[in-house]
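Please read all numbers here as calculations on a predicted model, not as lab measurements. Side chains included, hydrogens not; waters and symmetry mates left out as well; all remaining heavy atoms used. Labels below follow one simple rule: chain letters A, B, ... track the order of the sequence lines, proteins then strands, and each chain is numbered from 1.
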Amino acid sequence: MLDLALFLSLLTIGYFAGRVTEHRHYKSILLREKASLRLPTVTSNMLPEVDQIAKSFLVTGSCVISIDYFKRILAGLRNIMGGRMTAYETLIDRARREAILRMKYEALGSHIIVNTRVETASIFSSTSQNGIGSVEVFAYGTAIKLKKTL
Amino acid sequence: MKYTPKLLTKNVNTSTTHPLREFAILTGGILGALILVYVLLGFALEWVVVPRIPQSVERSLGELFLGNYAVEDSPERQYLQGILDRLVEHEPSQTLDYQIHVEENPMVNAMALPGGHIVLYQGLLDRVESENELAMILGHELGHFAERHHLKGLGRGLVLLVLSATLLGDQSGITQFLQDSLARVESRFSQRQEQQVDEFGLHLLQKTYHHVAGATDFFERIQKEEPEGPLSYFFASHPSPANRVDFLNELIASAQYPIGEKTPLDLPE
Amino acid sequence: MNESAILLTNIDSVPGKTIVEHFGLVQGATIRAKHIGTDTLASLKNIIGGELKGYTKLLQESREEATSRMIEQARQLGANAIINVRFATSSVAKGAAELFAYGTAVRIE
């Protein structure tokens, strides 16, 4: 009985706390995405003319996000049934956008980030057998600063 | 080439399903499937396998369990064995060799183990006042043997173990949650069984003593000792003492069993 | 806006076309799992080796979904092609496949 009560309270705390954190994070992501919109980020090698380039440098951004207890349980149940794991979708989406944003903030003052790459890794906890629940996203690219504006 | 900054208005990478809704659907679906398998396998064991288990297998199973309980022939045990033997004489169709064991444990409990072994806890013996109410408890345990509940319980326990171990693996909280839910289903089963064997015990009491005085004494005493809320017995393996008293009184009234003199319990030290 | 199919390439250009406008990064991701039956079968298949058809299908479906989500983003921006598309796979949860597709949304003529 006590186990069940503990489980249910963890579930409830996880659900509400997770929702609040997620909501806040999305709000901040949207705000910063809007602010950094003027800096184009592309996956291709769109190199400007050589004589226009003032300087170029590697920029990186990374972010580790964990999901709440409720979503972890939800994902575990989904793993049994199969199908789309909606519980993890926001986790990965948030981590990616956050990592890209951090990379963009590192490139402040430059005019374009080319050859952007995004890597995802999962961090397995050692305590449980399939320690699911957190992802690390790493974004990197080459920032280019021009002599005159594009 | 020009760059057009544009904000994405809609997030296509996340689903719009409400997490609580998904949780309800998943839990319902998985629990439903598990309970179905559990009930089907449990019944298959009860009706197909358990009736075919030979006595010899049961006896060796019993020895396996009995390793945990001290077998020590005290005057107390012989006295209790005497009460049990009187009951067994009036118990038809039994081929098992019933034996009483007393466990030095303050808990109020009695168990029926495979092979005809009845384990009485000292805590229970301390609370019993008349021979008649002890006979009722022993009759109850004999009922478990007659219905082969001790084996059926083992069978369903096995199914539970296999289901949770192989299907769910070790998924931290989830296994715990599903196991708890299954255990609750099991407890509803077992409350029905307990009522069945209470009835058996009552009839045996009447056959042996020709009256049913003391049949409800023990449960009444327990009820007075620990007055519990109405829900505390809902998920327990046994019905609440109050329910058992009511049930037995109804049976006594409908069968018109006489109430005679109680024999006081005379436990040798 | 061009309603026809969005062109995908994994090089810096669309051969035979000129890029006139670009919109930056677009991305699509999905994470899916197979039910416990497929998982069990796959672990049995692991003993004898060979193709795990259930998982092949899972990854294929996930990749298609990630791509279509990326295309959906490109449409929202008014692009008609995505260049330099990259695919990435990660294992965020055991038994689940996480697929990620990203590229640069452009308008070609």
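Between A/Leu74 and the choices B/Leu20, B/Leu26, B/Thr27, the side-chain contact (heavy atoms from CB on, under 4.5 Å) rule is met once, by B/Leu26.
When heavy atoms are compared at a cutoff of 4.5 Å, A/Leu39 approaches chain B solely by way of its backbone atoms N, CA, C and O.
In this model, no donor atom of one side chain and acceptor atom of the other lie less than 3.5 Å apart for B/Thr14 and A/Glu89.
Ranked by non-hydrogen atom pairs under 4.5 Å with chain B, the options A/Leu30, A/Ile92, A/Leu37, A/Leu11 are led by A/Leu37.
Across every non-hydrogen atom of B/Glu22 and A/Arg84, the tightest pair is OE2-O, 4.2 Å.
For residues 28-42 of chain A, the set of pairs meeting the salt bridge (Lys or Arg N to Asp or Glu O under 4.0 Å) definition, not counting sequence neighbours, comprises A/Arg32-A/Glu98, A/Glu33-A/Arg97.
Two residues are said to be in side-chain contact when any heavy atoms from C-beta on lie closer than 4.5 Å; B/Tyr3 and A/Val42 fail this criterion.
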Exercise. After noting the C-alpha distance and the side-chain angles of A/Ile73 and B/Phe23, does the key distance pass the side chain to side chain contact (heavy atoms under 4.5 Å, CB included) rule?
Worked result: CA-CA 9 Å; A/Ile73 295 299; B/Phe23 187 75; 3.9 Å; yes

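Between the OG1 atom in A/Thr86 and the NE2 atom in B/His18 there is a gap of 11.5 Å [rounded to 0.5 Å].
The number of heavy-atom neighbours closer than 6.0 Å to CZ of A/Phe16, taken from other residues, nucleotides and ligands shown, is 12 or below.
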